[in-house]
Amino acid sequence: MENEAARFHGFNMDQASASLGQTERAQAEMETRLEKAQKDARSLVASIAALKPKTDFGFDPRYWVSSERAIAVRQVATLEEDLKNLKSTISNLESEIKKSAEIRRTKRGEIAAARASDPLLAQSAIAALEATLRRIEPRLASLRQRHDDLENLLREPLASLHGYEAERLALMKKISQAEHFNLALSRAGGAERKWIHGNCERELGHRSPNAVIERCEGKLRGVEGSLEKIRLRVETAVLMAQREIRHIVIDGSNLCYVDQGNRGKSDPGAHHAGQAANDGGSNNRPKKRPTLVALEALVPVLAKSYEVTLIFDANIRHQLLMSDRDFEARFPQARVHVLPNGRQADEPALIAAEDDAHTFVLSNDGFRDYPEKRAVKEKRLLQHLITERSVHIFDLHITIPITFEPETRAA
């Protein structure tokens, strides 16, 4: 170690790095010249090949002494001389590049050895690496957690998928065997047909191959339907796992209206009906009564993993008799926006998610009026289901128990 330290005593790291950079730039320039020379050489070879037939004597003696042939001969000779010179240039460049590469390797090795032998440089490098590890560790932990979550999520459907695949193969094998028995029956007669029917019953559980085929094809349709559903479920889960969600914008009004005629199911159009009624709409519409029960259970859970923004329709103030500060106090884990009078949360929620691929909108609204918004086009939309006992976010696989107050349930 002392010998190594003595070897690099007085080693100028800045000068060595500058020299390495100069060598690398010179090599890059030579590689560019080599590439051009090789391209020119290929072009010359093609030109010579095109002119060569014109230098042949041919069958007409007059062509032997023609000016056309003489010009072609001179052109070929000139091009061949140019090609010879170009090949020499290519050879020299290849030799220089090889030498430069060796010099570059040597300089890199010296710099690496100097860094390794210098305790201060080594400690600095270690500190930089440790800082990098500390910086990316939360990200790595998040990725590990997402991997584990996806693995747990897919364990059951993948097992079902393998089971249905095995059942599908077994049914297809039975159908193939039954078709083979049918073919044998079409060629047999008398006692031989009776023997074939007996074999069919022993192997496939029924004397009639057609009955076996009909039964297996019916089962096969059911199995293939189940396979398609499970594949879709797996593909959706994988797709969601690949899309990193960092920020969730909640259409708050969409999650606080309960359809009184449906005993607790969330109604994606309810807050629009409530808005219309508040603005003087028809009294024949069923009344929609808002409640913050689902949001109060959901927002703290989401805030543990995501940045959360809540956006409410303007009329929520009047329906819940709450001020903007009341809403902010109720949801300290989120940024809360209650819109100005007459405004609904749909478009503002989409605008909040417009420029960030990691921001998703939580709402059961289909946003058919906003097909141009990026969150809609990129399918960065999350749906929910609210029942009397829980609120469920499908794509996040979150289910949270809730309890409605009696007045909330009342018709």
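The chain is numbered in sequence order, starting from 1.
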> Around H147, counting heavy atoms of other residues, nucleotides and ligands shown, do more than 12 lie under 6.0 Å from its NE2?
Replying inline: no
For residues 295-311, please give each side-chain donor-acceptor pair under 3.5 Å, one per line with the distance, not counting sequence neighbours.
{"residue": "E296", "atom": "OE2", "partner": "R330", "partner atom": "NH1", "Å": "2.7"}
{"residue": "E307", "atom": "OE2", "partner": "R335", "partner atom": "NH1", "Å": "2.5"}
{"residue": "E307", "atom": "OE2", "partner": "R335", "partner atom": "NH2", "Å": "2.8"}
{"residue": "T309", "atom": "OG1", "partner": "H247", "partner atom": "NE2", "Å": "2.8"}
{"residue": "T309", "atom": "OG1", "partner": "R335", "partner atom": "NH2", "Å": "3.3"}

>> Within this structure, what is the CG-CZ distance for the pair D56 and R69, rounded to the nearest 0.5 Å?
In response: 8.0 Å
> Does the R193 side chain pair with the main chain of L185, one donor and one acceptor, at a distance under 3.5 Å?
Replying inline: yes
> Is S176 reaching over with its side chain to a backbone N or O of M172, donor-acceptor style, under 3.5 angstrom?
Replying inline: no
> Donor-acceptor pair, S226 side chain versus G222 backbone, under 3.5 Å?
Replying inline: yes
> What closest approach, in Å, do A294 and L255 show between heavy atoms, and which atom pair accounts for it?
Replying inline: CB-O, 3.8 Å
> Does any N or O in the side chain of R246 come within less than 3.5 Å of the main-chain N or O of D356, such that one atom is a donor and the other an acceptor?
Replying inline: no
>> Test of understanding: with ring pair (Phe, Tyr, Trp, His ring centres under 6.0 Å), list the residues that count as partners of F394, not counting sequence neighbours.
In response: H392
> To the nearest 0.5 Å, how far apart are CG in L158 and NE2 in H162?
Replying inline: 5.5 Å
>> With a sphere of 6.0 Å drawn around OH of Y164, does it hold more than 12 non-hydrogen atoms of other residues, nucleotides or ligands?
In response: no
> Under 3.5 Å, side chain of R343 to main-chain N/O of V338, donor-acceptor pair present?
Replying inline: no
> So, R380 side chain and A353 main chain: donor-acceptor pair closer than 3.5 Å or not?
Replying inline: yes
> Backbone N or O of K84 within a donor-acceptor pair of the S88 side chain at under 3.5 Å?
Replying inline: no
> F312 pairs by side-chain contact (heavy atoms from CB on, under 4.5 Å) with which of V336, L320, N254?
Replying inline: V336
> How would you list, by chain and number, every residue that makes a side-chain hydrogen bond (donor to acceptor under 3.5 Å, both in side chains) with R74, sequence neighbours excluded?
Replying inline: none
> Any donor-acceptor pair under 3.5 Å linking the side chain of D313 with the backbone of A345?
Replying inline: yes
